[in-house]
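See structure below.
Just so it is clear, the structure is predicted and the values come from calculations on it, not from any experiment.
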Amino acid sequence: MPTDLMRASARPATPGSNARNVNIVAMALTAALVALQLVGLMMLERSHAHAMQVSFPREPAACTERAAAPAPVIPYD
């Protein structure tokens, strides 16, 4: 009676390791994408805040130009 029942060509019994590796890779890619989105959002917010600060100075500029002609009034019905 044979004592070793496994054949030489038989694979080890680990059917779930491939699926688990795929899940781990998918979770790592998802986490990396979320981190990149957060970094991009942070950079966008920073650039938007900087643009708003530049476009609205602390002291208003004096307007020296005058309108050449009054704007026409459009009558409404």
Side-chain angles (χ1 to χ4, degrees):
M1 184 167 216
T3 56
D4 187 14
L5 298 177
M6 291 191 64
R7 295 183 185 169
S9 64
R11 292 184 181 174
T14 54
S17 67
N18 259 352
R20 188 178 65 184
N21 288 342
V22 170
N23 284 340
I24 290 172
V25 169
M27 288 189 330
L29 286 175
T30 303
L33 286 174
V34 168
L36 283 174
Q37 285 179 340
L38 289 175
V39 168
L41 182 63
M42 210 168 50
M43 290 173 62
L44 180 69
E45 288 292 326
R46 180 177 286 178
S47 68
H48 181 68
H50 181 67
M52 294 298 284
Q53 183 182 13
V54 170
S55 66
F56 294 116
R58 293 182 182 162
E59 295 180 11
C63 182
T64 58
E65 296 180 13
R66 302 236 179 221
V73 178
I74 301 173
Y76 292 104
D77 289 339

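Evaluated for a side-chain contact (heavy atoms from CB on, under 4.5 Å) with Arg20, the options Ile24, Asn23, Asn18 yield exactly one hit, Ile24.
Leu41 contributes atom CG, which lies 12.5 Å from atom CG of Leu36 (distance to the nearest 0.5 angstrom).
The hydrophobic cluster analysis finds Leu33 isolated: no Ile, Leu, Val, Met, Phe, Trp or Tyr side chain comes under 4.5 Å of it, directly or through other members.
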